[in-house]
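Small disclaimer: the values here were computed from a predicted structure and weren't measured. Nothing fancy with the numbering, it's 1 onward along the sequence.
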Amino acid sequence: MRSLERYVHALMANAGDFVAVVSPDGRFADVGAASLRVLGIPPEALRGTFALECVHPDDRAEAARRLSHDKPSGEAEGPFACRLRHAAGGWRHIEAMAQNRLDDPDVRGIVLNARDVTDRVEAEQRLRASEALYQTLARSAPVGIFQTDRDGGIVSANPRFAAIAGLPPDAPHGHGWRAALHPDDRPRLEADWGEAAVSGQPILLNVRFCGADGAVTFALCQGSPLTDADGWVQGWVGTLTDMTEYVRTVDALLMAEARTNAIVDAAADAIVTMDGEGIVHSFNPAAEAMFGIPAADMLWSRIDRLIPDIGALLQDGGLAVYQPGGEAHGAGAVREAVAVRGGDGDGFPIELSVSAVETGGRRVFTGIIRDITARKRSESDLIAAKEAAESADRAKSTFLQVMSHELRTPLNAVIGFAQVIEMRLLGAAEVDRYIDYAGSIRQSGEHLLAIIDDILDITTIEAGGLRLNETPVDPSALVGEALTLVAIQSGKRGVPIHLDLEDGLPTVTGDALRLRQVLVNLLSNAVKFSNPGEPALIRARRGGDGGLELAVTDTGIGIAAEDLPKAMTPFVQVDQSMARRYEGMGLGLSISKRLVEAHGGRLRIDSAPGQGTTVTVALPPGRVMAGG
């Protein structure tokens with residue numbers, strides 16, 4: 001028996017597990033050397049102490065039951081788990097076996113064999129905590145989480161996976177989830193999944209699920225392979241992300257962008273976007289047409305290349321959209337500026353409206369630009385028309401005043417002489433005097449008739465009713481007839497008329513009456529505006545272009561260059577005052593000009609104040625008859 005006792009002591013001394021003998025009174029009767037390693041207490045310190053005092057309070061009841069004396073002798077109890085106090089504080093997890101050896105005279109106690117399983121228990125606890133955390137995260141994750149076998153059958157999946165796929169929570173397991181895929185996406189998923197299984201590469205797929213209500217869910221499936229020690233794919237773990245709102249948002253953005261681009265591209269006004277540095281980011285077709293430069297040449301270039309003053313307009317508050325350090329504003333004021341065409345550098349007027357937005361700390365300007373060249377031209381035309389209308393109104397008033405004067409003077413003579421003759425105020429014997437009065441009446445009537453003829457002529461010409469009676473015309477004869485008609489006027493004014501006729505003047509075609517009227521008007525003006533005793537000159541010669549030129553020159557008062565347009569305007573004289581020295585309706589030159597132009601010719605005036613005037617009638621070569 002002593003040999004058995006020695007064996008027990010040797011076993012307790014050399015055992016790797018904690019081995020002890022508990023006496024019937026519950027004290028440690030003997031303790032193996034492993035107590036120091038397991039509990040941090042040497043064996044001699046434990047001998048004689050109550051065993052249950054080392055046990056965790058929550059485990060003592062179970063430990064007491066296991067160490068009770070009620071068990072049959074030689075029967076082992078266990079294994080059971082409990083926690084023992086460590087000398088350094090804390091508790092060690094053990095897995096124990098208890099055997100009743102009270103009847104053994106060499107033992108007389110309960111043999112306790114305990115193995116330290118603290119590392120394993122703590123690892124299991126960490127694993128359970130990790131599993132619980134994973135399950136919590138999986139249940140609350142906004143994405144579907146799944147694990148599959150090699151062929152894509154679902155091994156496990158969180159509820160979100162089923163929700164995205166449109167399936168009941170317990171339905172995703174196995175291959176049933178594929179039935180929820182859009183029919184058009186199944187072949188692609190099968191092909192891509194098979195290829196990934198062979199290559200061992202991650203899976204990235206865009207798929208669609210069809211719900212029971214017909215709604216389509218867009219999803220992004222991402223999976224990573226699970227491989228064995230040899231690198232063979234055994235399954236997949238991954239996520240399923242609901243992309244429906246993203247896809248709808250992208251579609252809405254694309255639609256909005258397409259709609260905006262369509263509006264911008266179809267806009268009649270130039271639309272340009274630029275950043276705070278004036279760098280152009282967009283340039284619509286209307287801008288290309290307006291500035292004559294392709295959008296590709298303007299993108300990432302500075303806008304002041306086209307609108308030099310844009311910086312000042314944006315920063316000085318003129319457009320009310322930008323102040324350094326201030327906030328962005330909406331549409332600003334409309335301002336006019338000058339832009340430069342990209343091709344030739346010509347300036348043209350524009351109307352500019354700018355709005356600004358700020359996003360992400362960046363300021364973006366949108367400019368709407370309108371070419372107002374036509375409007376400016378229309379404004380100028382309207383102003384010119386207004387001034388012309390006002391001028392015409394003044395001319396009408398002047399015309400009425402002149403007409404009143406020009407008609408009243410001969411009419412007064414007609415009425416006065418007629419009354420003298422009618423009342424025989426001079427007596428019956430004064431027949432010669434009455435004859436003179438009758439002559440004066442005739443002259444006044446002829447003067448009135450000439451005025452009326454001029455008015456009718458200009459009215460007919462202005463209305464486009466002038467018709468030429470064209471016949472062969474001898475220039476020398478034409479000049480002679482005109483001189484005869486102004487001879488009396490020339491004699492009364494004391495203004496002789498000299499002739500300068502080139503030899504061999506050609507015959508021309510034209511309306512002889514109208515051409516003679518032109519020469520008479522020009523000669524009458526020459527006699528009227530020349531000083532008495534100073535001659536006038538009429539010249540006829542071949543023109544440099546082969547046509548015919550008729551020129552009338554006087555040495556009178558002359559006309560300033562700025563007054564020439566007035567001299568050509570109907571019913572207007574350079575001197576519009578009622579006290580002017582020279583009477584007349586102011587129709588002579590304007591009628592002559594229109595009659596000459598009706599023949600295809602030109603009427604040219606060369607004059608200077610105090611140096612006289614030369615009026616030249618140039619008939620085109622087409623008027624010269626063949627052989628002339």
For side chain to side chain contact (heavy atoms under 4.5 Å, CB included), just list the numbers for Phe348 and Met290, CA-CA rounded to whole Å, side-chain angles, deciding distance to a tenth of an Å, and then say yes or no.
CA-CA 10 Å; Phe348 64 98; Met290 178 182 296; 3.9 Å; yes
Go through it in stages, so that I can follow the logic: the residues are Asn206 and Phe218, the test is side chain to side chain contact (heavy atoms under 4.5 Å, CB included), and I'd like the CA-CA distance, side-chain angles, deciding distance and then a yes or no.
CA-CA 7 Å; Asn206 288 308; Phe218 295 84; over 6 Å; no
From CA spacing to verdict: side chain to side chain contact (heavy atoms under 4.5 Å, CB included), Phe283, Leu306:
CA-CA 12 Å; Phe283 202 72; Leu306 301 178; 3.7 Å; yes
Intermediate values then yes/no, salt bridge (charged side-chain N to carboxylate O under 4.0 Å, His left out), Glu190 and Arg186:
CA-CA 6 Å; Glu190 297 289 348; Arg186 292 174 194 167; over 6 Å; no
CA sep, side-chain torsions, deciding dist, call: Leu240, Phe209, side chain to side chain contact (heavy atoms under 4.5 Å, CB included):
CA-CA 11 Å; Leu240 189 69; Phe209 292 95; 3.8 Å; yes
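The two atoms that bring Asp511 and His599 nearest to each other are N-NE2, 3.0 Å, heavy atoms only. Between Val280 and Met298, the shortest heavy-atom distance links the atoms CB-O, 3.5 Å. Closest non-hydrogen pair, Arg188 versus Val207, comes out as NH2-CA, 4.4 Å. Closest approach of Arg150 to Trp236, counting heavy atoms only: O-NE1, 3.5 Å. Asp545 and Pro621 get closest at one heavy-atom pair: O-CG, 3.1 Å.
Contact check for Leu253 versus Glu257: no side-chain heavy atoms found under the 4.5 Å cut-off. Residues Val518 and Leu550 fail the side-chain proximity criterion, which asks for heavy atoms closer than 4.5 Å. The side-chain heavy atoms of Arg623 and Leu548, taken from C-beta on, include no pair separated by under 4.5 Å.
By the neighbour-count criterion of 12 heavy atoms within 6.0 Å, atom CD of Glu277 is sparsely surrounded, having that number or fewer from other residues, nucleotides or ligands. No more than 12 heavy atoms of other residues, nucleotides or ligands shown are found within 6.0 angstrom of CD on Glu195.
In this model, no donor atom of one side chain and acceptor atom of the other lie less than 3.5 Å apart for Arg128 and Gln125.
Of the listed residues (Asn261, Thr273, Thr366), just one forms a side chain to side chain donor-acceptor pair (under 3.5 Å) with Ser282, and that residue is Thr273. Tested against Thr244 for a side-chain contact (heavy atoms from CB on, under 4.5 Å), the candidates Thr217, Ile164, Thr249 yield a single pass: Thr217.
Salt-bridge annotation for Lys386 and Glu390: present, with a side-chain N of the basic residue lying under 4.0 Å from a carboxylate O of the acidic one. Ionic pairing of Asp371 and Arg341 is present here: one or more N-O contacts between side-chain nitrogen and carboxylate oxygen are shorter than 4.0 angstrom. Ion pairing between Arg248 and Asp251 fails under the 4.0 Å rule for side-chain N and carboxylate O. Salt bridge status for Arg370 with Asp269: present, with a side-chain N to carboxylate O gap under 4.0 Å.
Separating the OG1 atom in Thr227 from the CH2 atom in Trp232 is a distance of 11.5 Å, to the nearest 0.5 Å.
The aromatic rings of Trp193 and Phe146 lie tilted to each other, with the angle between the two planes from 30° to 60°.
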